[in-house]
Amino acid sequence: MTDLRVLFLGGTGIISSACSSRAVEVGLDLTVVNRGKTASRPLPVEVRQIQADIEDTAAFAEVAGQDFDVVVDWLAFTPEQVRARTDALRGHVAQYVFISSASAYQTPPARLPITESTPLRNPHWQYSRNKIACEDLLTTLYRDENFPVTVVRPSHTYDRTLVPFDGGWTIVDRMRRGEPVVVHGDGSSLWTLTHHRDFARGLVPLLGHPRTLGDTFQITSDDVLTWDQIAHTLAAAAGTTAQIVHVPSDAIAAVHPNWGDALLGDKTHSAVFDNTKLRQVVPDFVATIPFEVGAREIIAWYDEDPTRQRTDPAIDEAMNALIAQYKLDR
């Protein structure tokens with residue numbers, strides 16, 4: 001593996017930053033191309049960084065004209081972007097890894113646990129439908145042209161900068177002020193949170209692996225919590241308690257459509273995953289970081305610099321309106 005020349009399109013995001021670090025740890029020759037505008041997750045010094053706008057066709061063609069064993073695309077969200085990348089990379093790469101999304105799976109799933117063979121269908125969220133369309137295009141390219149694609153589907157993956165609720169720090173701010181917070185449904189739906197370092201332990205061994213071409217792998221933790229448990233765990237890490245008001249997801253969508261779309265298209269429904277297929281090619285994969293640990297990392301990062309503690313006034317206002325209504329309805 002140490003001879004692999006790997007290119008990350010992106011590499012300083014929530015998920016990709018951990019994978020950049022892990023790639024360097026195992027000795028990969030890693031190049032990252034991005035606009036160089038993310039300071040919160042610096043790249044390891046061993047990484048070669050190219051500053052370029054990937055959406056600039058000429059600039060990307062110059063990068064893609066170099067030969068790489070593996071290209072991991074963290075930044076493609078539409079079929080048009082995928083088509084541009086694959087056209088430029090054709091003949092210059094032995095494996096193109098497309099980062100899709102577990103939100104592309106059938107919503108709600110007909111049965112649990114979710115596996116790679118679960119149908120792809122999400123009528124609620126355009127982001128997910130775009131990822132499905134990207135996968136459809138790549139499947140055609142593999143079948144018709146033997147384009148060397150591997151699809152990876154992360155689920156809800158976080159690092160210390162990401163509070164796992166819509167509105168981000170807003171929910172922690174409300175908890176610390178003694179204000180109630182909204183949790184969708186009755187709080188009992190099951191959810192899988194994956195720490196980004198655990199995800200990296202699953203992804204990096206797939207790079208250059210000959211049994212991954214033309215195939216799809218999901219990478220998630222086996223740590224499953226209810227949404228009420230997630231709220232209470234976050235509150236405990238913040239040194240406070242969570243006063244929860246349960247509100248149906250469709251009622252949330254009526255007050256705040258963007259928040260509602262993310263719920264109806266993803267978080268409303270239980271998401272429990274079977275990682276058997278991943279372990280067939282990465283036998284030693286195991287997620288080791290429970291959310292109790294991750295929650296403490298999140299709170300410590302935000303408390304380290306109070307300027308990071310930005311709230312979302314629209315979601316804060318929506319919570320106030322929903323709490324007033326649903327407290328009265330009880």
Handout entry: Leu207 reachable from Val24 in the ILVMFWY side-chain graph, under 4.5 Å edges
Key = yes

Exercise for the section: Evaluate the side-chain proximity of Ile219 to Leu206: yes if any heavy-atom separation is below 4.5 Å, no if none is. Expected result: yes

Exercise for the section: Scan side-chain atoms only and decide if Asp266 and His156 contain a donor-acceptor pair under the 3.5 Å cut-off. Expected result: no

Problem - Hydrophobic cluster identity match, Phe199 and Leu278, side-chain contacts under 4.5 Å - result: yes

Exercise for the section: Might you work through the side chain to side chain contact (heavy atoms under 4.5 Å, CB included) test for Val182 and Tyr326, ending with a clear yes or no? Expected result: CA-CA 10 Å; Val182 169; Tyr326 279 83; over 6 Å; no

Handout entry: Hydrophobic cluster of Ile289, others only, ordered by chain and residue number, side-chain cut-off 4.5 Å
Key = Val293

Exercise for the section: Indicate the atoms forming the closest heavy-atom contact of Cys19 with Val204, along with that distance. Expected result: O-CG2, 4.0 Å

Exercise for the section: Taking all non-hydrogen atoms of both residues into account, name the closest pair between Pro164 and Leu193 and its distance. Expected result: CB-CD2, 3.9 Å

Exercise for the section: Would you check if there is a donor-acceptor pair between the side chains of Gln95 and Thr150 at a distance under 3.5 Å? Expected result: yes

Handout entry: Ile230 with Trp169, same ILVMFWY side-chain cluster at under 4.5 Å
Key = yes

Handout entry: Straight-line distance of Tyr127 OH to Ser103 OG, nearest 0.5 Å
Key = 5.5 Å

Exercise for the section: First locate atom OG1 of Thr241, then atom NE2 of His232, and finally report the distance between them rounded to the nearest 0.5 Å. Expected result: 9.0 Å

Exercise for the section: Check whether Val152 and Ile114 end up in the same hydrophobic cluster, where Ile, Leu, Val, Met, Phe, Trp and Tyr are linked by side-chain heavy atoms less than 4.5 Å apart. Expected result: no

Problem - Flag for Asp274-Gln218: side-chain donor and acceptor within less than 3.5 Å - result: no

Exercise for the section: Could I get the full list of side chain to side chain donor-acceptor pair (under 3.5 Å) partners for Thr86, not counting sequence neighbours? Expected result: none

Exercise for the section: Hey, could you give me the CG/OG distance between Asn34 and Ser16, rounded to the nearest 0.5 Å? Expected result: 8.5 Å

Problem - Distance-only side-chain donor-acceptor flag, Ser20 / Arg41, under 3.5 Å - result: no

Fill in the blank from the handout: Value for CH2 (Trp227) from CG (Leu190), rounded to nearest 0.5 Å, stands at 11.5 Å

Practice task
Check whether the side chains of Asp228 and Thr226 place a donor and an acceptor atom closer than 3.5 Å, and report yes or no.
Solution key: no

Problem - Hphob cluster co-occupancy, Leu263 + Trp125, side-chain heavy atoms under 4.5 angstrom - result: no

Handout entry: Donor-acceptor under 3.5 Å (Asp69 side chain, Arg5 main chain)
Key = yes

Completion exercise
Closest non-hydrogen contact found for Pro108 with His269 is CB-ND1, 3.3 Å

Problem - Lys277 side chain vs Thr216 backbone, donor-acceptor pair below 3.5 Å - result: yes

Handout entry: Check: Ala287 main-chain N/O paired with Ser221 side-chain donor or acceptor under 3.5 Å
Key = no

Problem - Geometric class of the Trp74/Phe8 ring pair [parallel <30°, tilted 30-60°, perpendicular >60°] - result: perpendicular

Practice task
Write down the atom of Val163, the atom of Tyr302, and the distance for their closest heavy-atom approach.
Solution key: CG2-CE1, 3.9 Å

Exercise for the section: Enter the distance from Arg48:CZ to Leu30:CG here, rounded to the nearest 0.5 Å. Expected result: 10.5 Å

Exercise for the section: Would you give the length of the straight line joining atom NZ of Lys327 to atom CD of Gln243, rounded to the nearest 0.5 angstrom? Expected result: 6.5 Å

Completion exercise
Partner of Asp303 under salt bridge (charged side-chain N to carboxylate O under 4.0 Å, His left out), picked from Arg308, Arg176, Arg296, is Arg176

Practice task
Could you tell me whether the side chain of Gln81 and the main chain of Phe77 form a donor-acceptor pair under 3.5 Å?
Solution key: yes

Exercise for the section: Please assess Arg22 against Glu25 for the test salt bridge (Lys or Arg N to Asp or Glu O under 4.0 Å), listing each intermediate value before the final yes or no. Expected result: CA-CA 5 Å; Arg22 184 64 177 168; Glu25 286 176 12; 2.9 Å; yes

Handout entry: His196/Tyr158 aromatic ring centres below 6.0 Å
Key = no

Handout entry: All side chain to side chain donor-acceptor pair (under 3.5 Å) counterparts of Asp186, not counting sequence neighbours
Key = Ser188

Exercise for the section: Identify the residue among Thr240, Thr311, Asn320 that makes a side chain to side chain donor-acceptor pair (under 3.5 Å) with Arg174. Expected result: Asn320

